[in-house]
Amino acid sequence: MHVFVSGRVSLDLAGTLKWRRHKQEELLSAGRDVAEWVVEAGLLTHPPVVDDTAVAEVRRLRELVYAATRTEPERRVQAAELQALADPPPVRSVLTAGGALERHGDLTAVLSTVARDAIELVGSADLARVRECGRPECTRLFVDDSRGKPRRWCGMTECGNRMKAAEYRRRQRRERGGLAAGQ
């Protein structure tokens with residue numbers, strides 16, 4: 001099961017390589033992982049066919065997005081490569097006879113849709129609101145759309161709760177240490 005906390009599908013794709021500064025964790029190891037991510041991201045209704053070449057293409061797009069949107073040290077936008085991935089027709093939204101929404105296409109359409117999202121993000125004022133998670137180990141990027149822009153973590157479930165719990169334990173140790181010294 002994948003995490004979607006970044007506020008943009010392109011940033012959620014960039015987050016599929018975790019812990020970039022430390023022991024990296026690859027979440028898209030095989031075609032099955034990519035197909036699951038695509039469906040969980042809501043890009044397609046049914047899983048696409050994904051071979052090893054396609055896995056490499058998805059990972060390449062992921063790295064292009066990360067380089068173009070990361071906060072430090074400097075952004076590197078490979079505009080021509082992103083545009084080439086965005087040029088094919090994107091995923092199609094289809095309204096079924098029963099009134100349900102389905103998303104149709106192949107992996108090329110998925111790549112196009114995600115690349116288009118990245119291009120729109122890089123070319124918009126939202127790029128200035130892209131942040132990296134405040135947990136030192138985490139390198140996930142997100143768009144801070146919170147009121148007053150105080151968001152520090154990619155999400156509360158994994159990073160926010162851990163950081164808050166660690167800070168609570170530090171305060172408790174300090175307070176206990178201060179009471180023992182003052183008695």
Side-chain angles (χ1 to χ4, degrees), residues 1-44 47-86 107-122 126-146 151-167 169-170:
M1 194 153 151
H2 298 276
V3 176
F4 300 91
V5 295
S6 299
R8 299 294 290 248
V9 70
S10 56
L11 293 179
D12 285 326
L13 176 63
T16 61
L17 180 61
K18 293 172 63 177
W19 325 119
R20 288 172 180 267
R21 285 186 295 271
H22 303 288
K23 186 178 179 183
Q24 295 181 352
E25 181 181 345
E26 176 61 69
L27 301 180
L28 302 178
S29 297
R32 176 188 74 254
D33 302 322
V34 171
E36 289 172 2
W37 184 86
V38 165
V39 171
E40 288 177 27
L43 290 164
L44 294 178
V49 175
V50 183
D51 61 17
D52 291 343
T53 302
V55 171
E57 288 178 49
V58 170
R59 287 181 183 173
R60 177 64 185 147
L61 175 56
R62 175 184 67 197
E63 295 313 307
L64 290 169
V65 169
Y66 185 76
T69 58
R70 70 177 176 212
T71 56
E72 292 182 8
E74 66 182 55
R75 291 182 168 95
R76 289 190 325 255
V77 180
Q78 302 290 329
E81 203 169 346
L82 273 173
Q83 190 62 54
L85 288 165
L107 197 63
T108 300
V110 168
L111 291 171
S112 176
T113 301
V114 175
R116 288 168 188 235
D117 181 68
I119 289 168
E120 289 177 16
L121 175 59
V122 170
D126 286 348
L127 184 61
R129 297 188 350 234
V130 172
R131 308 276 186 270
E132 184 176 85
C133 183
R135 183 175 174 204
E137 300 85 8
C138 186
T139 55
R140 184 171 280 135
L141 302 172
F142 61 90
V143 176
D144 185 356
D145 58 359
S146 61
R151 185 172 166 191
R152 295 171 31 199
W153 304 292
C154 60
M156 285 303 294
T157 304
E158 187 168 353
C159 292
N161 285 338
R162 288 182 187 197
M163 293 298 291
K164 285 185 169 197
E167 180 56 32
R169 288 190 298 274
R170 275 193 292 278

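- Partner of E57 under the side-chain contact (heavy atoms from CB on, under 4.5 Å) criterion, out of L111, V34, D52, V110: L111 alone.
- Closest approach of V65 and S10 over heavy atoms only: CG1-O, 3.3 Å.
- For the atom pair H2 NE2 and E40 CD, the distance stands at 5.0 Å (nearest 0.5 Å).
- Salt bridge annotation for E81-R60: present, with a cationic side-chain nitrogen under 4.0 angstrom from a carboxylate oxygen.
- Under the 3.5 Å distance criterion, the side-chain polar atoms of R59 are matched with a main-chain donor or acceptor of L28.
- Side-chain N/O atoms of E25 and W19 include a donor and acceptor closer than 3.5 Å.
- A 4.5 Å side-chain heavy-atom check between L13 and Y66 finds every atom pair outside the cut-off.
- In this structure, R75 places its CZ atom where more than 12 heavy-atom neighbours from other residues, nucleotides or ligands lie under 6.0 Å away.
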(request) Quick one: do L121 and V130 satisfy side chain to side chain contact (heavy atoms under 4.5 Å, CB included)? Show the steps, please. (result) CA-CA 9 Å; L121 175 59; V130 172; 4.2 Å; yes

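- Using a cut-off of 4.0 Å between Lys/Arg side-chain N and Asp/Glu carboxylate O, D144 and R129 are scored as not salt-bridged.
- The backbone N or O of S29 sits nowhere less than 3.5 Å from a side-chain atom of R32 that would complete a donor-acceptor pair.
- For the 3.5 Å distance criterion, the side chains of R140 and S6 fail to qualify, holding no donor opposite an acceptor.
- Proximity of a side-chain donor or acceptor of R8 to a complementary backbone N or O of A118 within less than 3.5 Å is not detected.
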(message) Evaluate L85 against L64 for side chain to side chain contact (heavy atoms under 4.5 Å, CB included), listing each step before the verdict.
(response) CA-CA 10 Å; L85 288 165; L64 290 169; 3.8 Å; yes

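- F142 approaches V5 most closely through the heavy-atom pair CB-O, 4.1 Å.
- Using modelled atom types, no side-chain atom of S112 and backbone atom of T108 make a donor-acceptor pair closer than 3.5 Å.
- Taking each heavy atom of T139 and L17 in turn, the nearest pair found is OG1-O, 4.3 Å.
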(message) Working note: T16 + R62, criterion side-chain hydrogen bond (donor to acceptor under 3.5 Å, both in side chains); need CA distance, chi angles, decisive distance, verdict.
(response) CA-CA 8 Å; T16 61; R62 175 184 67 197; 3.3 Å; yes

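- By the 4.0 Å N-to-carboxylate-O rule, K18 lies too far from E26 to be salt-bridged with it.
- L82 and A115 make their closest contact through O-CB, 3.7 Å (heavy atoms, listed as atom of the first residue, atom of the second, distance).
- Note on R76 versus E63: no salt bridge recorded, every NZ/NE/NH1/NH2 to OD/OE distance being 4.0 Å or above.
- Atom CD in E137 sits 16.0 Å away from atom CZ in R20 (nearest 0.5 Å).
- Judged by distance alone, with hydrogens and angles left aside, the side-chain atoms of D12 form no donor-acceptor pair with the main-chain N or O of G7 at under 3.5 Å.
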(message) Please determine whether side chain to side chain contact (heavy atoms under 4.5 Å, CB included) holds for the pair L107 and V58, giving the CA-CA distance in whole Å, both sets of side-chain angles, and the decisive distance to 0.1 Å.
(response) CA-CA 9 Å; L107 197 63; V58 170; 3.9 Å; yes

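- In this structure, the separation between CG on L27 and CG on D33 is 8.0 Å, given to the nearest 0.5 Å.
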